[in-house]
Amino acid sequence: MKRRVGGLETEFGLVCVRADGSRALEPEAAARELFRPVVAMGRSSNVFLRNAARLYLDVGSHPEYATAECDDWWELVAQDRAGERIFADLTTQANERLAADGQDARIHLLKNNVDSAGNAFGSHENYLVDRRGEFTRLPRFLLPFLVTRQIVTGAGGVAAPADDEDGAQFVFSRRSDHMWEAVSSATTRTRPIINTRDEPHGDPTRFRRLHVIVGDSTMSEVSTYLRFATTDLVLRAIESGRTLPELALHDDISTIRAVARDLTGREPIALANGGTTSAVEVQQRWLDATATLVEDGDRRDREVLETWQKAIDAVATGDRSWAATHLDWAIKERLFGQVTERRGVGLGDSSIERLDLAYHDIDPGQSVFQALQRRELAPSQLSEQRIEAARETAPRTTRAHLRGQVVTAAQEHGVDHVVDWTTFRLTRPGAMPVQVLDPFATSLPTVDALLEEIRSLGGARSAGGTGVPGAGAQQPPAV
Amino acid sequence: MSQQSLNGPGTGGEDEQNEVAATGGQTFASAQGADDLLDEIDAVLESNAETFVRSFVQKGGQ
């Protein structure tokens with residue numbers, strides 16, 4: 001697919017503490033407080049927004065934001081950042097209500113992947129792939145790429161060394177330790193790298209969904225961009241029918257853990273056929289394979305290749321000067337080094353774990369990542385205007401444009417409606433659902449008619465004042 | 001497209017970073033920024049780091 005639709009689902013960690021750091025509210029109660037304005041407006045803790053994204057409360061009291069369908073990876077990053085801001089605003093409002101109520105309680109929303117007891121939650125990437133593309137063939141090529149992708153896109157962190165349960169070392173990705181299978185239908189108990197859930201949210205005879213759940217939640221816009229842009233290129237190479245790097249690994253799961261701990265990217269990795277490779281080599285081979293697909297004049301793809309190469313070089317050469325201000329793992333590697341030195345503590349100290357949480361805190365007043373951004377020690381690739389616009393405006397080049405128009409019109413005209421990824425319907429007797437099974441559709445007569453009906457039903461009235469831009473009720477979800 | 005270029009000549013910030021990459025050095029400005037940052041981080045870490053970390057326990061998601 002030259003054009004591919006993708007989306008990112010982010011589950012946030014939630015903690016509500018007193019000033020002394022002790023727990024003030026249980027996660028369930030804190031989530032209820034957080035979602036109060038959402039429920040007030042959408043009569044549900046599960047809504048689609050004007051930007052066509054879905055905002056809801058997932059299993060385990062994890063607030064979740066799923067971006068709308070994007071076919072441009074910078075647009076996806078903008079939509080993801082917009083979701084952070086929407087939740088940051090909800091957090092601020094909840095904390096103001098708690099303070100007004102005289103409670104010593106402050107909610108923190110953390111865009112990370114693991115709590116202090118080792119419970120994991122996810123950042124799930126979705127890619128539309130062609131139904132005819134022989135899905136069973138994908139993992140053989142995709143897995144070596146995904147196992148080693150963490151040296152580029154990992155969020156970084158601290159974990160125990162392979163041979164010392166009590167020790168602590170810096171790793172590319174902590175999530176590697178929470179992966180138990182290469183490919184399966186599970187999401188929690190035996191979490192796989194690729195999940196086989198087949199919900200294309202589109203015409204099932206044409207499309208299926210590739211659900212990649214190995215990724216860390218990334219704060220850096222460059223890291224998030226590279227997750228999607230490089231994976232899309234690799235998928236295109238696989239779909240092209242060309243000769244591909246044969247790098248099937250002997251053991252995906254032991255390798256993903258070893259790669260996380262090898263900051264040189266050079267240690268040997270056992271291949272299924274008996275030889276060895278390395279994390280740097282796997283990434284470089286895939287970059288080279290995809291480069292042959294990219295036309296010289298294609299600025300968008302050239303940018304992917306150039307940025308990907310810089311990221312690989314940061315590991316291969318050990319020169320972190322670019323990576324340390326652009327990629328999450330390298331930003332953290334430098335920061336954790338500075339803080340351990342300054343405080344005279346080791347990486348296993350609880351202050352470093354607290355620092356890691358603060359890096360992923362989305363509250364502008366608490367976020368270490370944003371403090372780094374203000375000093376140009378972390379990237380701000382997208383303009384402020386673009387991120388703010390993405391809070392209210394859906395991507396214009398996919399079906400999200402239609403969903404966004406329906407939600408926006410229904411809210412502006414005060415017309416009750418239900419919406420999901422493929423279907424829009426008014427909640428009144430006799431209303432017929434409008435189904436859109438083509439994720440690339442941006443204009444349809446049936447949707448135009450629905451918009452006309454919405455306008456004729458409602459007197460214009462302004463929305464707003466709830467703090468949740470564009471909350472609209474939704475049918476019970478298939479999570 | 002409104003994002004800054006990652007690679008081409010872009011904003012001042014990018015150019016400065018390229019300078020750093022080219023010389024392998026550390027600019028005075030960002031060193032100062034780092035000290036100031038570490039002061040800011042100290043404020044987060046001093047008070048209740050260990051208790052906060054222990055409080056953050058949730059059921060798994062996904």
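Values below: all heavy atoms of this structure, side chains included; hydrogens, waters and symmetry mates excluded. Naming: A, B, ... by sequence-line order, numbering from 1 per chain.
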Part of [X] lying under 4.5 Å from any heavy atom of chain B:
X: A/R374; answer: side chain
X: A/E28; answer: side chain
X: A/R320; answer: neither
X: A/I352; answer: neither
X: A/A324; answer: neither
X: A/A371; answer: both
X: A/V77; answer: neither
X: A/L14; answer: both
X: A/L355; answer: both

Short side-chain to backbone donor-acceptor contact, [X] and [Y], under 3.5 Å:
X: B/Q58; Y: A/S61; result: yes
X: B/S55; Y: A/G21; result: yes
X: A/D298; Y: A/D301; result: yes

Pair A/Y359, A/Q370: side-chain N/O donor-acceptor within cut-off below 3.5 Å: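 Short answer, no.
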Identify whether the distance between the nearest side-chain nitrogen and carboxylate oxygen of [X] and [Y] falls below 4.0 Å.
X: A/D361; Y: A/K111; answer: no
X: B/D36; Y: A/R375; answer: yes
X: A/R386; Y: A/E75; answer: yes

Results of ring-ring contact (aromatic ring centres under 6.0 Å, His included) for B/F56 - residues two or more places apart only: none
Option that, when pairs with chain B are counted at under 4.5 Å, heavy atom only, ranks first among A/N195, A/D356, A/L110: A/L110
Heavy-atom pairs under 4.5 Å with chain B, option from A/A19, A/P27, A/S22 with the top count: A/S22
Side chain / backbone / both / neither for B/E50 at chain A, heavy atoms under 4.5 Å: both
Residue part contacting chain A, namely of B/I41, when any heavy atom lies under 4.5 Å: side chain
Pairs satisfying salt bridge (Lys or Arg N to Asp or Glu O under 4.0 Å), at least one member in residues 13-23 of chain A, at least two apart: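 For residues 13-23 of chain A, and leaving out neighbouring residues, the salt bridge (Lys or Arg N to Asp or Glu O under 4.0 Å) pairs sorted by first residue read A/R23-A/E26.
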